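Predicted model, so just to flag it, every value in this text is computed and none were measured. Both ligands and their constituent atoms are indexed starting at 1 by order of listing.
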Amino acid sequence: MANIAYPPSYYAASANPAPARPALREDTEADVCVVGAGYTGLSSALFLLEQGFSVVVLEAARVGFGASGRNGGQIVNSYSRDIDVIERSVGQQQARLFGEMAFEGGRIIRERVARYNIDCDLKDGGVFAALSAKQMGHLEAQQRLWERYGNKRLELLDQRRIREVAGTDQYVGGLLDMSGGHIHPLNLALGEAAAVESLGGRIFEQSGVTRIDRGANPVVHTAQGKVRAKFVIVAGNAYLGNLIPELAAKSMPCGTQVIATEPLSSDLAASLLPQDYCVEDCNYLLDYYRLSADKRLIFGGGVVYGARDPANIESIIRPKLLKVFPQLKQVKIDYAWTGNFLLTLSRLPQVGRLGDTVYYSQGCSGHGVTYTHLAGKIIAEALRGQAERFDAFAGLPHYPFPGGRALGAPLTALAAWYYSLRDKFGV
Ligand SMILES: Cc1cc2nc3c(=O)[nH]c(=O)nc-3n(C[C@H](O)[C@H](O)[C@H](O)COP(=O)(O)OP(=O)(O)OC[C@H]3O[C@@H](n4cnc5c(N)ncnc54)[C@H](O)[C@@H]3O)c2cc1C
């Protein structure tokens, strides 16, 4: 079978050198077999190795081939639904656990970068930008909520202040979170993979898992080999397909697109984002952007089903970019790519066990850079017998998409359209 390469993107073009790992061609054993080398799989592997477990990671394509190597690179705290929504569904006491965990993923990333010397252009500072007074009201409430859960690195920005951090007249204000920030996402994944191997973990690429025999002694099969393990962690997220039908039923892969401009002059780049913070607006179908280390504007937005061709992607995203920064009219787009995140109906992560030995975490629904790093930690805790935090997530209710994936995609497209109207008319 032909090897699966990274799809063309700015990240693939600017990736740090990394070895092409071999495919699994043997029968082997480990304490833990991880399916998928995105942030969820790599973070789990790293925490487990640090605690003395032996780990094999099986990746269908390349390290960071999925969302982890294609995303906007924004370190956004909390979850795709905020803690107040969780408070309403699980009660105050349980919600406190979620609140305490909401800012941990960003700390884990920074700790990983420092400990393993990962070169991924890490920058501090992320801005939530309000397009209306109503959205500004939500940000004020978010500040109070996040401060209550311990994030004291927040600053509300009025219209004058936000103009100082984002060179556009689009916004009425914003919220700056200095514990947010941005990274080169593929280089973070590649650095974490190198860290996994430095601790003795084995990673096999081009090794799609075709079957998992569940039970007391699970066996994970690929086309040319198998891994016997005490535990299996399923971390295939939106790229898992139907390997585990009960997980597929409660989640929906969604395509979302990103473009990268040609490198901008230092003056132009500094006029767009003078402090080099990343920005996301407060719409449901949000626009988000930041500068790369070589001063390209990386801009993503919207959810489009099936848009793959770069020209098509540029035609979707460029108008959004020009709405925010009309001054970039003459700027060339060098790269356009698409990636899949996994949506759940509640927009909260889906976490749990299949029997006693197979664990999973998936479905962060758009904001996953921080949560996936936390996921690795709570899975490792659970495998060590400390499952309180894992079980808090596992206890969140999840419902199947009506009609399953076949009907769910059009329904989700309809929901996206509905939310785009809400964004447009501010209702
Ligand atoms: C375009 C885009 C922009 C985004 N921007 C942001 C952002 O700026 N900030 C933010 O917080 N979040 C963002 N996200 C979401 C975030 O990237 C994801 O939530 C996160 O990366 C998911 O990580 P993961 O490890 O769970 O999944 P993935 O990174 O998708 O990794 C899953 C891996 O499993 C592998 N796999 C699947 N099936 C198998 C199998 N059967 N056998 C072996 N391997 C398998 C895949 O090949 C893949 O490498 C974005 C997502 C996309 C798509």
Side-chain angles (χ1 to χ4, degrees), residues 4 6-7 9 11 23-24 33-45 57-80 105-106 109 126 180-183 185-186 188-189 192-193 203-212 220-223 227 232-244 247 251 253-259 278-280 286-290 298-304 307 313 317 336-343 349-351 360-373 375-376:
I4 306 171
Y6 291 111
S9 74
Y11 300 135
L24 180 73
C33 178
V34 177
V35 181
Y39 299 144
T40 302
L42 294 168
S43 178
S44 304
V57 181
L58 299 176
E59 165 53 50
R62 304 290 312 270
V63 164
F65 172 84
S68 301
R70 311 182 193 203
N71 63 66
Q74 308 222 354
I75 300 173
V76 183
N77 281 310
S78 195
Y79 317 103
S80 282
I109 293 171
H182 56 102
I183 35 113
L186 179 56
L188 177 61
E192 291 175 340
I203 301 175
F204 295 94
E205 295 183 322
Q206 312 298 340
S207 301
V209 171
T210 52
R211 195 175 94 221
I212 301 173
V220 183
H221 299 257
T222 68
V227 182
V232 177
I233 298 171
V234 178
N237 206 40
Y239 292 85
L240 191 63
N242 204 34
L243 185 69
I244 301 191
L247 297 189
S251 59
C254 294
T256 175
Q257 292 74 31
V258 184
I259 58 178
C278 61
V279 177
E280 68 168 54
L286 72 171
D287 292 340
Y288 51 92
Y289 53 88
R290 67 185 181 88
I298 312 263
F299 193 103
V303 177
V304 178
I313 295 170
I317 305 291
W337 65 95
T338 188
N340 291 342
F341 68 89
L342 194 67
L343 184 72
Q350 239 166 38
V351 175
Y360 62 88
S361 171
Q362 62 169 25
C364 348
S365 306
H367 282 138
V369 169
T370 57
Y371 165 75
T372 48
H373 284 83

Study note, to complete from the structure: A student comparing Glu59, Arg290, His373, Arg70 should find that the heavy atom closest to atom 47 (O) of ligand 1 comes from Glu59
Review point. Where is the nearest protein heavy atom to atom 44 (N) of ligand 1: which residue, which atom, and how far?
Key: Ala60 N, 3.0 Å
**Study point:** Heavy-atom donor-acceptor pair, Ser68 side chain to Gly64 backbone, under 3.5 Å
**Key:** no
Point to revise | Closest contact, heavy atoms only, Ala238 versus Leu342 | key: CA-CD1, 3.7 Å
Review point. How about Ser361 and Tyr371: does a side-chain donor come under 3.5 Å of a side-chain acceptor?
Key: yes
Review point. For ligand 1, does Val258 get within less than 4.0 Å through its side chain, its backbone, both, or neither, judged by non-hydrogen atoms?
Key: side chain
Review point. Just going by heavy-atom distances, which of Cys278, Ala235, Gly66, Gly36 is nearest to atom 32 (C) of ligand 1?
Key: Ala235
**Study point:** Exercise: identify the closest heavy-atom pair between Gly366 and Ser80
**Key:** N-OG, 3.9 Å
Exercise for review: For Gln206 and Ile4, run side-chain contact (heavy atoms from CB on, under 4.5 Å): C-alpha distance rounded to whole Å, both residues' side-chain angles, the deciding distance at 0.1 Å, then the answer.
Suggested key: CA-CA 7 Å; Gln206 312 298 340; Ile4 306 171; 3.7 Å; yes
Revision key, fill the gap. Atom 5 (N) of ligand 1 sits nearest the protein heavy atom Gly72 N, 2.9 Å
Point to revise | Polar contact flag for Gly368 and ligand 1 (N/O pairs, less than 3.5 Å) | key: yes
Review point. Does ligand 1 have a heavy atom under 4.0 Å from the side chain of Tyr288, from its backbone, from both, or from neither?
Key: side chain
Point to revise | Identity of the nearest option to atom 50 (C) of ligand 1, non-hydrogen atoms only, from Asn237, Val63, Asn71, Thr372 | key: Asn71
Review point. Measuring from Tyr239:OH to Glu59:CD, what's the distance to the nearest 0.5 Å?
Key: 10.5 Å
Check your understanding: If you take all heavy atoms of Ile298 and Tyr11, which pair is closest and at what distance?
Key -> CG2-OH, 3.6 Å
Point to revise | Close N or O approach (Gly339, ligand 1; < 3.5 Å) | key: no
Practice item. Among all protein heavy atoms, pick the one closest to atom 38 (N) of ligand 1 and tell me residue, atom and distance. Key: Tyr239 O, 3.2 Å
Check your understanding: Which pair of heavy atoms, one from Trp337 and one from Arg70, lies closest together, and at what distance?
Key -> NE1-O, 2.9 Å
Check your understanding: Taking the minimum heavy-atom distance to atom 18 (C) of ligand 1, which of Gly300, Ala67, Ala238, Ser68 ranks first?
Key -> Ala67
Check your understanding: Considering only protein heavy atoms, which is closest to atom 26 (O) of ligand 1, and at what distance to one decimal place?
Key -> Thr40 OG1, 2.8 Å
Point to revise | Atom indices of ligand 1 within 4.0 angstrom of Gly208 heavy atoms, with elements | key: 42 (N), 43 (C)
Study note, to complete from the structure: If you compare Gly301, Gly64, Pro253, Gly366 by their heavy atoms, the one closest to atom 14 (N) of ligand 1 turns out to be Gly366
**Study point:** Main-chain N/O of Val63 paired to Glu205 side chain as donor or acceptor, under 3.5 Å
**Key:** yes
Revision key, fill the gap. Residue, atom and distance of the protein heavy atom nearest atom 31 (O) of ligand 1 read Gly38 CA, 3.6 Å
Study note, to complete from the structure: Between Gly73 and Asn71, the two heavy atoms sitting closest are N-OD1, 2.6 Å
Point to revise | Thr338 and ligand 1 - part of the residue with a heavy-atom distance under 4.0 Å | key: neither
**Study point:** His367, any N or O under 3.5 Å of ligand 1 N or O
**Key:** no
Exercise for review: Could you check atom 41 (N) of ligand 1 against the protein and tell me its nearest heavy-atom contact, residue, atom and distance included?
Suggested key: Val209 O, 3.2 Å
**Study point:** ring-ring contact (aromatic ring centres under 6.0 Å, His included) partners for Tyr289, two or more places apart
**Key:** Phe299, Phe325
Practice item. With sequence neighbours excluded, tell me which residues meet side chain to side chain donor-acceptor pair (under 3.5 Å) with Thr372. Key: none
Review point. Can you find an N/O atom of Gln257 closer than 3.5 Å to an N/O atom of ligand 1?
Key: no
**Study point:** Polar contact flag for Thr256 and ligand 1 (N/O pairs, less than 3.5 Å)
**Key:** no
Check your understanding: Can you list the atoms of ligand 1 that are under 4.0 Å from a heavy atom of Val369?
Key -> 9 (N), 10 (C), 11 (O), 12 (N)
